[in-house]
Amino acid sequence: MSTETVSGRTKLAILSVGALTFIGILTETSLTVAFPTLIAELGKPLSTIQWLTSGYLLTVTIVMSLTSYLIQRFNPRTLFILAAIVCIAGSLICAIAPSFVPLMIGRLLQAVATGISTPLMFHIVFETVPLRQLGTYVGIASMVTSFAPALGPTYGGMLTHLLSWRMIFWCILPIVLGSLILGMITIDLPIRALGKKFDFYGFVTLAVVMVALIESCNRLGSPSLNDPGLWIALGISVLGIALFIRHMGHGSRRILDFRLLKRPFLGLRAGNFFLLQFTNIGMSFLIPIFVQNALHMDALSAGLIVLPGSLIGSFVSPIAGHIYDRRGATLPLVLGNASMLLGSLLLWWFTHSLTAVSLMCLYAFLRFGFNFSFGNTMSDAAKHVAAKEKGDINALFNTLQQFAGSFGTAALSAVITHEQSRNSNTTQAVLVGGQSDFLLLSVLAACGLACAIIAARISRKPKENTLEGVEVRL
């Protein structure tokens, strides 16, 4: 890692990978505002259409679990070029897809690209940015991963309303091509070869567990618990988790080093990180559905309602990172999580009286809280591991981030789907389901705040304040 300043070439390399990551994550949520249109055009129910988002995120999660291995086996420039080409191919397939299946295939290809580029962006930051500037640069990188999904509904809503949902994919192609050219010129980072072997058993087991958990969550939205598919998925989930835990404890190879989470401080940071992203992506899914079905507004309005919050979040992330560099983690993390809790509680309490303006303001408040704490959670975890573990903590946190988004989308969707199966009045079903979702998010936000407070107390212990002889300010 550099001990001086960040060079112009490095900044352009980060920009190129950041642009590709931004486009990939932008498409995570850009289709949510088009779900009503896609339901009518493709003839599929919400429980199926939502896989365009949750399936995308799940694939990103599975691919990210490979990145710790890939980064030490392949040149970063090669990985970047592969990701950009796959993103272009997936976007083209989505743009011309005549039905749900090819559209889903295109989304999965886009997900593979995002699963490679996102950890690669953080890898370049961790390997090239000096420790004293790490918070600021991780804040900027986190702005990409948090602003993009928040902006997605605005981007998708405008294009769906004014042109067509297919333009969501046509419009990103020039940016991806520009990113590809810039990255080929500027990315120049050696392979960090640690001799790690690929954990095929762990990869397959983890993938099965994640798919089974998301399918279980989706099936919980059915009107009856007698669905045999639900119990089969739950059974596979439990068995898979047991096998994966056993493998992590006794296997000689590990696809992800979950042993890091045994350290109380890192476990709390990871839990907080997961809960923040669950709420972030969940809200990006829920708000457009709520606006169109409960407030009876169009896709453009749904997108514009989340725009102020997205803009606020984009400004807050680097500022919060700078505060972290100057003051430590406690202030931004406690303040951010407390804001998330307050915002979720207000949305739950006022669900039935929400208007476009009040929803816009409360969402903006939530975005402030999220961006004030999200990037700093990962930064602080990375500062508390040895240099050889940074690749593992990067892969682990990015995997948790994407699975949280997939799980959040599936969980909030299941609640609304369950209410729709009980109530033929769509407006009432979305109001009741939305209020239940806001309550769930409030409970999770309270857990996130508890993680931040407990971690702050642990961080005051002298043994947590040093790492390999380097003083770490908290």
Side-chain angles (χ1 to χ4, degrees), residues 1-2 6-28 56 59-61 63-91 109-130 133-149 151-152 172-192 314 317-318 321 374-375 378-379 382 390-391 393-399 401-402:
M1 180 182 296
S2 170
V6 182
S7 68
R9 183 188 180 111
T10 296
K11 291 177 181 177
L12 290 175
I14 295 173
L15 174 63
S16 64
V17 186
L20 180 60
T21 300
F22 180 87
I23 290 301
I25 298 178
L26 180 73
T27 61
E28 283 183 5
Y56 177 101
T59 303
V60 172
T61 305
V63 173
M64 279 187 176
S65 67
L66 293 170
T67 54
S68 179
Y69 170 79
L70 293 176
I71 286 174
Q72 63 172 280
R73 289 298 301 271
F74 301 97
N75 187 280
R77 182 192 288 129
T78 302
L79 291 175
F80 172 77
I81 293 172
L82 173 64
I85 292 174
V86 172
C87 182
I88 292 170
S91 300
L109 287 174
Q110 287 183 314
V112 170
T114 306
I116 295 172
S117 67
T118 305
L120 184 60
M121 174 181 65
F122 283 101
H123 173 69
I124 293 175
V125 170
F126 288 140
E127 289 296 313
T128 59
V129 175
Q133 293 180 282
L134 188 62
T136 300
Y137 274 83
V138 172
I140 294 172
S142 298
M143 180 179 68
V144 171
T145 60
S146 59
F147 177 54
L151 184 62
I172 65 175
L173 287 173
I175 300 176
V176 177
L177 286 171
S179 171
L180 173 59
I181 295 171
L182 181 62
M184 291 173 66
I185 297 172
T186 60
I187 297 176
D188 183 20
L189 200 64
I191 300 174
R192 178 185 279 272
S314 68
S317 283
F374 182 66
M378 186 174 184
S379 296
K390 289 191 183 296
I393 202 73
N394 179 20
L396 183 59
F397 268 63
N398 276 287
T399 301
Q401 172 187 345
Q402 297 304 320

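Quick note: residue numbers are just sequence positions, from 1. Computed over heavy atoms, backbone and side chain alike; hydrogens, waters and symmetry mates excluded.
- Note that CG of Leu177 is 6.5 Å distant from CD1 of Ile181, once rounded to the nearest 0.5 Å.
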Report all side-chain donor-acceptor pairs from residues 77-89 shorter than 3.5 Å, counting only partners two or more places apart or in another chain.
| unit_1 | atom_1 | unit_2 | atom_2 | d |
| --- | --- | --- | --- | --- |
| Arg77 | NE | Met184 | O | 3.4 |
| Arg77 | NE | Ile187 | O | 3.1 |
| Arg77 | NH2 | Ile187 | O | 2.7 |

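- A donor-acceptor pair under 3.5 Å is absent between the side-chain atoms of Thr118 and the main chain of Gly115, judged by distance alone.
- If you take CD1 on Ile124 and OG on Ser16, they are separated by 6.5 Å, rounding to the nearest 0.5 Å.
- For Ser91, the side-chain hydrogen bond (donor to acceptor under 3.5 Å, both in side chains) criterion is met by Gln110, not counting sequence neighbours.
- When all heavy atoms are compared, the tightest approach of Thr186 to Ala13 is OG1-CA, 3.3 Å.
- Using a 4.5 Å heavy-atom threshold, the side chains of Ser179 and Ile23 count as separate.
- Between Ile25 and Tyr56, the shortest heavy-atom contact is N-OH, 4.3 Å.
- Each of Thr21, Val17, Val63, Leu20 was compared with Ile116 under the side-chain contact (heavy atoms from CB on, under 4.5 Å) criterion, and only Val63 meets it.
- The shortest non-hydrogen separation linking Ala111 to Val60 is O-CG2, 3.4 Å.
- The nearest pair of heavy atoms linking Gly24 to Thr114 is CA-OG1, 3.2 Å.
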